[in-house]
Amino acid sequence: MASASLPATVLVHFSGPDKPGLTAALTGVLVEQSVRILDIGQSVVHENVSLGLLLELPAVCDFPTLRSVLHHRAHELGLLARFKSVPGDALQHWVHGLDHQHFIVTVLGRFITAEQLARISNLIANHGMNIERIERLSGQLSPVESSANACVELLLSGDSAREAAMRTKFLAAAQNLSIDIAFQRESIFRRNRRLFAFDMDSTLIQGEVIDELAAMAGVREHVAAITQAAMRGELDFDESFTRRVALLKGVSAERVHGLLDSIPLADGAERLIRTLKLLGYKTAILSGGFTFFARALQQRLGIDFVHSNELEIADGFVTGRVIPPIINGARKAALLAEIADREGISLEQVVAVGDGANDIPMLNLAGMGIAYRAKPLVRQNADQSISCLGLDGLLYLLGVPDRDLQALGV
């Protein structure tokens, strides 16, 4: 099979029950024949291993003997061995593919079905992308507990010119399939993020503080209507914010601070922040909400930086004014850039998370912008959109599997 002028290339595939020492035993055979390994890949699914080796055989290699020895060793290990000669054009195609851009597709939901995976894999194939690896990051994909997470990560290779079209298709598919699909380039920055910046209202907490204050003032419906219009991008934030705050005039400071115990954190928020701190990330709250609540969250969660609006209180009552400057969308982005610069962090290493139109500038500035349970306008303008899981589901986008967190007791 080998020739004096050109070494032969062979793909060898082993499959069967997994156990320790398989790879060592099989690669040990190759040492005796001075065989070069050009590529290697291994995966284990339900205690069954699949190991592939792309081998370059030197001209002096006795391939029939090598094949016989590998067959025998595989049989001793309870494995099936298959051999396939790789022609020169196929080898060159593989070499060319090493220069392709790689992408990560993360599929998230409370469960992941065969139909969902079939739709996603068909979409990938239709865009000329190739799936190189599939890894389960969560526990079971069909968990018994309704609150459990399910997540699968796929590594793709292909032409980067198809990226924009695929991102649009994935967004539509996620809505149709009632799951989340994150699509991002694989790069040195993906697992090397250093700063997470969060909006507060309806992101870190389950609700809008200003709406709760409006209920105390008896103007909830009026303020909520203005809030929703502003978050959809239909109103200028500064103007709408000033109008809403004016309606709060007369609410007592005692009742204002009583909100600290009445609005719960977002699902998974504590687990996410605890994990980020454990991994050495910096965290920030950049909020169009109010400082009294943001500072309380900072103390509770251990947030590093907080910037939010200062609600003016005089003589024990809300005055209906906010102390300038107003933290609007542009200000959030500017503050994000300031924090990153001060900490020596590249913007590519920043993750920003928010739900409203005033979050779009910082989502676009960050290396990864995530629309969390967000309005349609925000989902369309963010890199990623997460709606099906809690905030701790964001860890999957960093490639963090549940097993690692369990080992750390998180």
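All figures in this text were calculated on a predicted structure; none of them were measured in a lab. The analysis underlying the following values was restricted to heavy atoms, covering all of them including side chains, and did not include hydrogens, waters or symmetry mates.
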Verify the neighbour count for atom [atom1] of [X]: are there more than 12 heavy atoms of other residues, nucleotides or ligands below 6.0 Å?
X    : atom1 : answer
E221 : CD    : no
F111 : CZ    : no
R185 : CZ    : yes

Ion pair present between [X] and [Y], side-chain N to carboxylate O less than 4.0 angstrom?
X    : Y    : answer
E186 : R133 : no
E153 : R136 : no
D199 : K332 : yes

Using 0.5 Å steps for rounding, measure from the [atom1] atom of [X] to the [atom2] atom of [Y].
X    : Y    : atom1 : atom2 : value
F170 : R119 : CZ    : CZ    : 11.5 Å
Q384 : I181 : CD    : CD1   : 11.0 Å
D39  : L55  : CG    : CG    : 10.0 Å
N192 : Q349 : CG    : CD    : 5.0 Å
T275 : L391 : OG1   : CG    : 11.5 Å
I386 : I179 : CD1   : CD1   : 10.5 Å

Any side-chain donor near an acceptor of the partner, [X] and [Y], under 3.5 Å:
X    : Y    : result
T291 : S308 : yes
N149 : S138 : no
H13  : R82  : yes
N358 : N328 : no
E56  : T9   : no
Y396 : D402 : yes
T23  : Q42  : yes

Discussion item. With side-chain contact (heavy atoms from CB on, under 4.5 Å) as the criterion, how do N381 and L363 come out once you've worked through the C-alpha distance, each side chain's angles and the decisive distance to 0.1 Å?
Written reply: CA-CA 8 Å; N381 283 274; L363 298 185; over 6 Å; no
Item to complete: Would you name the heavy atoms of L57 and V10 that are closest together and state the gap between them?
Response: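 For L57 and V10, the tightest heavy-atom pair comes out as CD1-CG2, 3.8 Å.
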Item to complete: Output, in order, the C-alpha distance, side-chain angles, deciding distance and verdict of side-chain contact (heavy atoms from CB on, under 4.5 Å) for L389 and R110.
Response: CA-CA 7 Å; L389 300 184; R110 293 304 179 187; 3.8 Å; yes
Within the distance-only criterion (no hydrogens, no angle test), does the side chain of [X] pair as donor or acceptor with the backbone N or O of [Y] below 3.5 angstrom?
X    : Y    : result
Q116 : T113 : yes
R73  : A25  : yes
N176 : A174 : no
N126 : N122 : yes

Worksheet entry | With sequence neighbours excluded, residues passing side chain to side chain contact (heavy atoms under 4.5 Å, CB included) with K19 |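 Side chain to side chain contact (heavy atoms under 4.5 Å, CB included) list for K19, sorted by chain: L22, L77.
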Worksheet entry | Under the side chain to side chain donor-acceptor pair (under 3.5 Å) test, residues paired with S202 that sit two or more places apart |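 For S202 the side chain to side chain donor-acceptor pair (under 3.5 Å) partners, ignoring immediate neighbours, are E208.
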Discussion item. List the residues meeting side chain to side chain donor-acceptor pair (under 3.5 Å) with R295, not counting sequence neighbours, and say none if there are none.
Written reply: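 Per chain and number, R295 pairs via side chain to side chain donor-acceptor pair (under 3.5 Å) with Q298.
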Discussion item. Between F198 and Y281, is the ring centroid distance below 6.0 Å?
Written reply: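 Not under 6.0 Å, so no.
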Worksheet item: How far apart are the C-alpha atoms of F196 and Y372, what are their side-chain angles, what is the distance that settles it, and do they pass the ring-ring contact (aromatic ring centres under 6.0 Å, His included) test?
Response: CA-CA 13 Å; F196 263 72; Y372 178 71; over 10 Å; no
Worksheet item: So do the side chains of L265 and R300 get within less than 4.5 Å of each other, counting heavy atoms only?
Response: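 SC-SC contact between L265 and R300 confirmed.
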Worksheet item: Are the side chains of F293 and I205 in touch, meaning some heavy atoms are under 4.5 Å apart?
Response: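 Heavy-atom side-chain distance check passes, below 4.5 Å.
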Item to complete: Could you point out which residue of I104, T106, L156, T168 forms a side-chain contact (heavy atoms from CB on, under 4.5 Å) with F183?
Response: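 Exactly one candidate clears the test, L156.
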